[in-house]
Amino acid sequence: MMTFETLSTNRSHGGTQGVYQHASSSTGTGMTFSVFVPDHAPGAKLPVVWYLSGLTCTHANVTEKGEFRAACAELGLIFVAPDTSPRGEGVADDAEAAYDFGLGAGFYVNATQAPFAQHYRMRDYIEEELPALIAAHFPADMSRQAIMGHSMGGHGALTIALRNPDRFKSVSAFAPIVSPLNCPWGHKALSGYLGSDQSLWEEYDACALIQKGARLDDLLVDQGEADNFLVDQLKPELLEAACEQAGQKLTLRRQPGYDHSYYFISSFMAEHLRWHAARLG
């Protein structure tokens with residue numbers, strides 16, 4: 001079994017908020033993540049909600065600002081928050097230390113281009129390695145999983161769910177990057193990690209996956225109308241059009257006055273968790 005270390009635990013909302021670290025075989029680095037586990041009967045297994053964070057974030061952003069614990073405790077949901085990229089000495093970063101590529105900006109892909117291919121294997125980490133670790137160390141019912149995310153993490157949640165539709169009973173996102181093929185963030189990240197052949201990008205683009213036949217039972221997206229990134233980077237209208245054309249069920253809620261921050265996310269977090277709980281059973 002892979003190494004596993006508890007960094008901290010805190011009592012909160014009738015449950016335990018923990019932060020953990022392990023040596024990742026996917027990334028070849030140490031990886032840190034947080035897990036909230038509500039109080040539960042001995043031997044009980046609880047459904048799992050995955051939360052993928054956005055550009056520049058670690059597990060700590062949602063853990064400290066997401067305001068999810070009260071709802072998770074009430075609903076009996078385990079809440080898992082991974083990091084957004086590998087980190088540590090020797091891990092490649094953007095040459096100009098830009099916020100939208102390299103450390104903190106893994107885009108949940110398996111990189112194929114040097115020097116990023118050595119460590120940037122976040123797809124394998126999120127889809128395979130970390131779920132095995134959660135199943136081994138926490139009272140998780142892996143037959144009842146949901147996934148959600150914000151911005152770059154919304155992109156991750158959508159694409160991971162579309163590639164693994166039988167694994168997740170529900171999917172939601174806050175201000176997701178819906179089509180990296182059609183925005184500057186996506187072009188920079190996917191060309192850097194995957195190379196110039198855009199056909200290889202399609203498995204990391206929610207709109208392209210839907211157009212090629214991938215389907216989910218349902219999808220919930222909240223988008224702030226005062227989001228600075230709305231027009232140039234997020235483009236929810238592309239997801240709306242792709243879903244309408246494909247007959248994919250989508251609830252897209254445009255929220256007046258809300259921006260891209262955790263003030264926005266925390267305002268609707270409990271609603272998303274209730275939406276997931278209703279589908280997780």
Side-chain angles (χ1 to χ4, degrees), residues 26-29 31 51-59 61-62 82-88 90-127 149-163 173-212 221 223-224 227-239 241-242 259-262 264-265:
S26 299
T27 67
T29 68
M31 294 295 289
Y51 180 92
L52 305 185
S53 292
L55 290 167
T56 76
C57 293
T58 70
H59 70 282
N61 297 75
V62 69
D83 203 345
T84 50
S85 76
R87 301 177 193 271
V91 176
D93 195 8
D94 183 82
E96 299 177 355
Y99 77 96
D100 55 357
F101 187 70
L103 296 181
F107 268 80
Y108 305 99
V109 307
N110 281 348
T112 60
Q113 302 299 299
F116 303 99
Q118 180 179 0
H119 297 297
Y120 284 76
R121 304 193 63 80
M122 291 300 294
R123 174 178 176 174
D124 283 351
Y125 180 70
I126 298 296
E127 291 188 357
H150 169 233
S151 194
M152 179 186 73
H155 138 78
L158 295 178
T159 56
I160 288 169
L162 286 162
R163 292 193 305 262
F174 300 103
I177 302 171
V178 304
S179 184
L181 280 159
N182 292 288
C183 74
W185 279 342
H187 273 254
K188 180 175 182 178
L190 297 187
S191 63
Y193 293 134
L194 304 176
S196 59
D197 183 354
Q198 293 192 12
S199 67
L200 302 178
W201 302 6
E202 292 180 355
E203 62 185 306
Y204 298 108
D205 185 294
C207 292
L209 288 168
I210 290 168
Q211 289 163 355
K212 293 172 69 173
V221 173
Q223 174 63 62
D227 192 318
N228 290 339
F229 304 113
L230 176 61
V231 175
D232 294 333
Q233 303 282 12
L234 305 177
K235 304 184 179 184
E237 68 277 3
L238 297 181
L239 179 64
D259 59 18
H260 200 68
S261 72
Y262 271 87
F264 159 60
I265 297 165

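It should be emphasised that the depicted structure is a prediction, and the values quoted were computed from it without experimental measurement.
- Summarising the geometry of Leu238 relative to Ser179, their closest heavy-atom pair is CD1-CB, 4.0 Å, with the distance given to 0.1 Å.
- Note that the CG atom of Leu190 and the NZ atom of Lys188 stand 12.5 Å from one another [nearest 0.5 Å].
- Note: His150 and Tyr262 meet the aromatic proximity criterion, with ring centroids under 6.0 Å apart.
- By the 4.5 Å heavy-atom criterion applied to side chains, Pro176 and Val221 are counted as neighbours.
- No side-chain heavy atom of Leu158 sits under 4.5 Å from any side-chain heavy atom of Ile210.
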Should Leu194 and Tyr204 be marked as a side chain to side chain contact (heavy atoms under 4.5 Å, CB included) after you check the CA-CA gap, both sets of side-chain angles, and the distance that decides it? CA-CA 10 Å; Leu194 304 176; Tyr204 298 108; 3.6 Å; yes
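- Between the CZ atom of Phe174 and the CG atom of Asp227 there is a distance of 13.0 Å, given to the nearest 0.5 Å.
- Here the side chains of Met122 and Pro86 are in contact, with some heavy-atom distance below 4.5 Å.
- Judged as a side-chain hydrogen bond (donor to acceptor under 3.5 Å, both in side chains), the pairs with a partner in residues 107-119 (not counting sequence neighbours) are, in order, Asn110-Asp124.
- At least one donor-acceptor pair under 3.5 Å links the side chain of Thr84 to the backbone N or O of Cys57.
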Please walk me through it: do Val62 and Ile265 pass side chain to side chain contact (heavy atoms under 4.5 Å, CB included)? CA-CA 9 Å; Val62 69; Ile265 297 165; 5.6 Å; no
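- Pairing each heavy atom of Leu52 with each of Gly156, the nearest pair is CD1-C, 3.7 Å.
- Across every non-hydrogen atom of Pro180 and His155, the tightest pair is CG-ND1, 3.8 Å.
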With side chain to side chain contact (heavy atoms under 4.5 Å, CB included) as the criterion, how do Phe107 and Tyr120 come out once you've worked through the C-alpha distance, each side chain's angles and the decisive distance to 0.1 Å? CA-CA 9 Å; Phe107 268 80; Tyr120 284 76; over 6 Å; no
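- One N or O on the side chain of Gln233 and one on the backbone of Trp185 form a donor-acceptor pair closer than 3.5 Å.
- Expressed to the nearest 0.5 Å, how far CD1 of Ile160 lies from CG of Leu209 amounts to 11.0 Å.
- Here the closest heavy-atom approach between residue Ala173 and residue Gly154 is recorded as CB-CA, 4.0 Å.
- Side chains of Leu230 and Pro236 form a contact here, defined as non-hydrogen atoms less than 4.5 Å apart.
- Scored by the side chain to side chain donor-acceptor pair (under 3.5 Å) test, Asp232 finds no partners at all (sequence neighbours excluded).
- The distance from atom CZ of Arg87 to atom OG1 of Thr27, rounded to the nearest 0.5 Å, is 11.0 Å.
- In this structure, Phe229 and His260 have perpendicular ring planes: the angle between them is above 60°, well past the 30° mark.
- Here CG of Leu234 is found 5.5 Å from OG of Ser151. Values are rounded to the nearest 0.5 Å.
- Checked against the 6.0 Å centroid threshold, Tyr193 and Phe101 count as a close aromatic pair.
- Asp83 and Thr58 make their closest contact through OD1-CA, 3.3 Å (heavy atoms, listed as atom of the first residue, atom of the second, distance).
- Closest approach of Asp100 and Leu55 over heavy atoms only: CA-CD2, 3.9 Å.
- Taken to the nearest 0.5 Å, the OG atom of Ser85 stands 7.0 Å off from the CE atom of Met31.
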